[in-house]
Every structure is written in C-alpha cells, then in structure tokens.
Amino acid sequence: MYEVKNKKTAIYRFETLSSTSDYVKEKRADGQNLIVVAKRQTSGHGTKGRSFSSTLGGLYMSVLSFPKKLPAKHAFRIMQTTATAVCETLRTFGINAKIKWPNDVLVNGKKICGILIENTFLGGFVQSSVVGIGINVFNALPNELKEIAITIEEATGKKIDVERVEEILLEKLYKRGIWRKYPRYVGFIGEEITLLCGENEIFAKMLGVDSEGNLLAETEKGRERFSSAEVSLRGEK
C-alpha cells in the first residue's frame, strides 16, 4: 500500500481490494478525509447491489469526505459535482459524455462510468459522504457488457494512462463550484424515456433536472418531479 498524507486528505493506493467503497466506509469513524484507489476490485458493486466489473485497466476510486454545513436538501450537489467532474475529465481527452440521470455517464449511448454515492445525515445536514467512481479506461470488458459499455481507449482510439485520468479527475473534483455545470451535461432532454419506480413503469418525456437534483418529466398526469427512479431510454434493452 502507498500512502500520501496532507493536512486534509489521505490517499491510499492498492493493487487489489475487494471494494474501495467498503474500505473507506470502514475508516469513516476515524473522521479523516480519505481517497482510496485500487488497480482492480474483486467485489466492486454499483447501485442496488449490482456487481461492477473491475478488471485491470480501469480507474476504481472512492472518496470519503465530511462536508461542512451542507444541508441534506442540497445533498445532490455531491452527485452533481462528481458526475460533472467525470464529464469534464473525459472532455480533456476529446470525449463528449452525457449524464443519464442520476448516476451513469454515457458515451455514444454506452456506459463509461458508474457513480455510487452513500451519504449519512445528522441534524438536517450531510454528516459524511462516500463517493465511489469506476471509469473504464482500457480495461477488458466482459462479453455481456460489450454492447452496453465502452472504454476511453475505444472512444479515443488511444491507450491513456489510468494515472493521468486519476490526476485530472481529482483536480476537477476539488474545483470550487463545478457542480453548477451539471445541467450542460445532462443528456436525453426532450427524449421519450421510461421511469422505473419500484415495480411501476412510467412513460414520460425528459424535461431536465431541478436545483435539488430531482428529475423533471412530462407524464400523462402532466409535469412531475421524481426524486428516486431509474431512467430507461425507449428501445433500450
């Protein structure tokens, strides 16, 4: 393990971890801002407990932070910051990415990055935040994902160093106010979508995202706001 420390953040690097997010959550009680990076994960996971392919050649990172006086109602700014930072990082390499609300970053309709955020709350404020980020850089994709996922190497035709991607991403993540750029990267506005809300499917037209991160859509009931749902594009498998 390689460790770097400064006044505010410790960075741990591993060859292999079961899960970077699980690791930082175990360290949460220490109260120390922490970044953990692994070259591969053996048990990486995404939303709803889904497994996340984490083979050599990808960037697998989790960031533990303790936001100061961030109201719970503005917790989505953490997602806005993260997703925007990923899109801005990809843009550095000439890649135009779109955010599929709330936590997927797509290129050419295929997933290039997954984001998983787990917050704790106390007294109406965000107490701690664990941000998990997985970016496909030049990792080999399993056969079952090749039709729905893409790597930076595939998108650019170039093999980019994972360390370079990490360096730029960390720079973007800590750029003040970057979350304000989130709307310009939200994709599929004006398109027909299906919202998966538990067992229910709602056909709608994507209108955008409000300041608190809720999805705005036009349904048969009119204009509605959704705080929790999964977006499926029409015709998407």
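Under the 6.0 Å cut-off for aromatic ring centres, Phe76 and Tyr182 qualify, their centroids lying closer than that.
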Would Glu224 and Thr219 satisfy side chain to side chain donor-acceptor pair (under 3.5 Å), going step by step from the backbone distance to the final call?
-> CA-CA 7 Å; Glu224 291 193 79; Thr219 73; 2.5 Å; yes
Residue pair Val231, Trp101: steps toward the side-chain contact (heavy atoms from CB on, under 4.5 Å) verdict | CA-CA 7 Å; Val231 174; Trp101 186 90; 3.9 Å; yes
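Under a 3.5 Å cut-off, the side chain of Asn139 and the backbone N or O of Val137 do form a donor-acceptor pair. Between the side chain of Asp210 and the backbone N or O of Gly213, at least one donor-acceptor pair lies under 3.5 Å. Proximity of a side-chain donor or acceptor of Asn108 to a complementary backbone N or O of Lys110 within less than 3.5 Å is not detected. Gln41 contributes a side-chain N or O that, together with a main-chain N or O of Thr20, makes up a donor-acceptor pair within less than 3.5 Å. Judged by distance alone, the side chain of Asn103 and the main-chain N or O of Ile115 form a donor-acceptor pair under 3.5 Å. Checking side-chain atoms of Ser62 against main-chain N and O of Ser21 turns up a donor-acceptor pair under 3.5 Å.
Note on Glu153 versus Lys158: no salt bridge recorded, every NZ/NE/NH1/NH2 to OD/OE distance being 4.0 Å or above. Salt bridge present: Glu88 and Lys181 bring a charged side-chain N and a carboxylate O closer than 4.0 Å.
The CG atom of Leu59 sits 6.0 Å away from atom CD of Glu166, with the distance rounded to the nearest 0.5 Å.
Ser128 and Thr120 share a side-chain donor-acceptor pair at under 3.5 Å. A donor-acceptor contact closer than 3.5 angstrom links the side chains of Asn119 and Ser129.
Stacking of Lys98 on the aromatic ring of Tyr185 is not recorded, the 6.0 Å distance cut-off and the 45° axial limit not both being met.
No more than 12 heavy atoms of other residues, nucleotides or ligands sit less than 6.0 Å from atom CD of Glu220.
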